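What follows is a set of notes on a single structure, which appears directly below.
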There are 2 protein chains.
Amino acid sequence: MPSSARKKAAPDKAASPVSMSDLAKELGVSVTTISRALSDHFSIGPATKKRVLQLAKKRNYQPNHLAAALRKGKSKLIGVIVPHIYGSFFPAVTHGIERAASKAGYSVILCQSHEDVELERQCLETLIGAQVEGILVSLARTAQDLRHFQKVQQRGTPLVFFDRILENAAVNAVVLDDRKGGYVTTRHLLEQGCRRIAHFAGPQQLNIYRNRRQGYLDALEEYGVPANEELIVYCDMTLEDGQQGMKQLLSLRTPPDAVFAAGDFTAMGALHTIRDQLLQVPQDIALAGFSNEAFTYLLEPRITSVNQKGDQMGQAVIQLLLDVVNQQPGQPLQQVVLEPELLVRTSSLAGREPAAPKAKPASRKPAAGRK
Amino acid sequence: MPSSARKKAAPDKAASPVSMSDLAKELGVSVTTISRALSDHFSIGPATKKRVLQLAKKRNYQPNHLAAALRKGKSKLIGVIVPHIYGSFFPAVTHGIERAASKAGYSVILCQSHEDVELERQCLETLIGAQVEGILVSLARTAQDLRHFQKVQQRGTPLVFFDRILENAAVNAVVLDDRKGGYVTTRHLLEQGCRRIAHFAGPQQLNIYRNRRQGYLDALEEYGVPANEELIVYCDMTLEDGQQGMKQLLSLRTPPDAVFAAGDFTAMGALHTIRDQLLQVPQDIALAGFSNEAFTYLLEPRITSVNQKGDQMGQAVIQLLLDVVNQQPGQPLQQVVLEPELLVRTSSLAGREPAAPKAKPASRKPAAGRK
DNA sequence: TTGTATGCGTTATCAG
DNA sequence: CTGATAACGCATACAA
């Protein structure tokens, strides 16, 4: 676009943004007129309006949203804090958020906490500093409390959490029904005839992992399979945790015949170890993960996983935020719960004799309901 | 954190941000004093400084960066536009960017163009509106020109491109030596004894894909293997393109004995088709991709790929931006070129009799040099 | 239909 | 050491 920038020394109007008063001077009118003309106010004659618009274009006028925001107290900005943007889930959520926000006339700025509470606090500062009108947060895994959100609270900036929340906290939030996700996945394994189902559980202070584990226990109970802490591996849900934990599980006197990992990376790690031991998936051990990462469906065996519906969650979060913004203060808090979707793939099709539920299977309601 | 919010009707100071003048009134001093105390100016007595700081904390004062930015003309914000945040590359770059920017005292706000030029333009507006001090861009794949960046140019906002750029454009940029990446990958396949090497090429208006293809051609030439357009599949680099294109290649009278795809997803698609036809990788067909996506190294066969060093690129981009910011206008443009890294994995270890370079192999210099 | 005056929250300049 | 005042760019109540 710009030419070689060597000889053509065209006076390219290099720097200095053009302001309304610049335009006003040049046209010999007041700043008010400019302001109104640009915002298409009805009290401005079509003639002047046209002149202003033309000059604005010619001088490449760029409105200073910052000044407008300062004046109006509205920035039309929404801030989002996510733990990271790796994998498939958070990118999907932000996608949903951006689409829905854009429709409502907001722009989105994104920050990553990199799973660090201190960075999370810094993101918060940045966003508050940018005068965002609302903040959306999925907590860093190390978050133990919500102290650093007090500022936001007190400042009156609307706050909505999603996916990763602190339970028992009185907050607005959109979450997945992780408990149900854990439940249906485990039930599926039971129905494939598996009885000794191991579980890789994530950090239990995080709602998502605690709920997935609870769903796992729900299903076992329903099918009359006694829960066995020996079969539950608590870890940080990395790939290495999966490898390591699986070694441990395989060294048990009676190894498991199925594994339900609360995350796909861990499931993948487990798979590595299983194969290293020359065992087959799903024939010897059935396997299921959580999150529907790309690698779960790209290579054999395709790994059964749970779709977290990130895109939908993103839209729901914006919806809830807009509700909050347009409500009077003191409204009751809302928690929206989304339905997970089990994606059955080859890794879990053990095809053994199915287990049967213990009692009245239809009546069980493992979902976490709406608060 | 907040209690049940029902009975405890504690006057929680719900809304209204606290300003400097609020603090000034309460302490009976001037706003100036407050401002100076908060910014730790030397001309303020330790006693008053302490009083101010304490009150600020007590009242939960939050500086209005917006107002400060307006006044100072500096927002300490850097805007980043990426085509998307899926996969491993762009998240890695943003990670690098955030770390380096943070070190330099800047905050980063991220926008996605979703590969759409119009959205790219909107992101630009948002960032300009937020008064960012610099803009980093990796182009949407549909970008044909840089017209929408003229505004930024003229406004004097520093602009640095990375990874995806328009060639022959006079811009500051940090890129990977994609040509070399294509070259070393193809050479590796040749050294594995492959002679009919197919290539999945991406949209050729994008520098990255054109360069990868050029590197492929460089290697073929060096080893005296005639290039064959029949073996080059031009596509959009989706998984489906890989599946489809591979079918086409396998139906040739003499099918290829290796495939170099300019992207991992396409490589994965090709792999699917190859296996569907009951052929083996790497024995029948060797395979290599580009980008080092997670799925390339998580399951067998592990797919040979090229590490794009996203994190390094992120740091380099910030470095370059800071250079630009601190330079006088009219400085020569810079293009920084990063080295790719070939990651050899099982998918390409054909182990056939190696090809030998045609002529003086050592003298070849396929790298794109520094402008 | 247009202009004047004022203020949003900060910081820089110049006096005390 | 501290304070009064102006200015950043824009939007609005009020006046003309």
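Just so it is clear, the structure is predicted and the values come from calculations on it, not from any experiment. Proteins get letters first, then strands, A, B, ... in listed order; numbering begins at 1 in each. Atom set for the values below is all heavy atoms of this structure, side chains included, hydrogens, waters and symmetry mates excluded.
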Would you mind reading off the distance between B/His41 atom NE2 and C/dC14 atom C1', rounded to a whole angstrom?
-> 13 Å
Pairing of B/Asp40 and B/Lys49 as salt bridge, 4.0 angstrom limit = yes
Side chain A/Thr32 and base C/dT4 donor-acceptor under 3.5 Å = yes
Separation of D/dC1 atom C1' from B/Arg51 atom CZ, nearest Å, is 14 Å
To the nearest Å, how far apart are B/Lys72 NZ and C/dA12 P?
-> 6 Å
Check whether any side-chain N or O of A/Thr33 sits under 4.0 Å from OP1 or OP2 of C/dT2, and answer yes or no.
-> no
In whole angstrom, what separates B/Gln62's CD from C/dT10's P?
-> 10 Å
Expressed in angstrom and rounded to an integer, what is the separation of B/Leu70 atom CG from D/dA11 atom P?
-> 12 Å
Quick one: A/Phe42 CZ to D/dT12 C1', roughly how many Å, whole number?
-> 12 Å
Rounded to the nearest Å, what distance is computed from the NZ atom of residue B/Lys74 to the C1' atom of nucleotide C/dT10?
-> 16 Å
What is the nucleic acid contact for A/Thr48, judged by heavy atoms within less than 4.0 Å: base, sugar-phosphate only, or nothing?
-> sugar-phosphate
Heavy-atom side-chain proximity of A/Gln335 to A/Ile165 below 4.5 angstrom | yes
Within the pair B/Ser43 and D/dT2, is there a side-chain N or O less than 4.0 Å away from OP1 or OP2?
-> no
In terms of side-chain heavy atoms of A/Arg36, which of C/dG3, C/dT13, C/dT11 is nearest?
-> C/dG3
Under-3.5 Å donor-acceptor pair between A/Arg71 side chain and C/dG9 base = no
Could you tell me whether B/Val29 contacts a base, only the sugar-phosphate backbone, or nothing, with contacts defined as non-hydrogen atoms closer than 4.0 Å?
-> sugar-phosphate
Testing D/dT2, D/dA6, D/dC10 for proximity to the side chain of B/Ile44, the answer is D/dT2
Judged by nearest nucleotide, the residue sitting upstream toward the 5' end of DNA chain D, B/Ala67 or B/Gly28, is B/Gly28
Does the separation of the ring centres of B/Phe149 and B/Phe161 fall below 6.0 angstrom?
-> yes
Do A/His95 and B/His114 have ring centroids that are under 6.0 Å from one another?
-> yes
Does A/Ser35 place a side-chain N or O at less than 4.0 Å from the phosphate oxygens OP1/OP2 of D/dA11?
-> yes
Charged N-O contact under 4.0 Å between B/Glu115 and B/Arg164 = yes
Provide, to the nearest angstrom, the distance between the CD1 atom belonging to B/Ile128 and the P atom belonging to D/dG9.
-> 16 Å
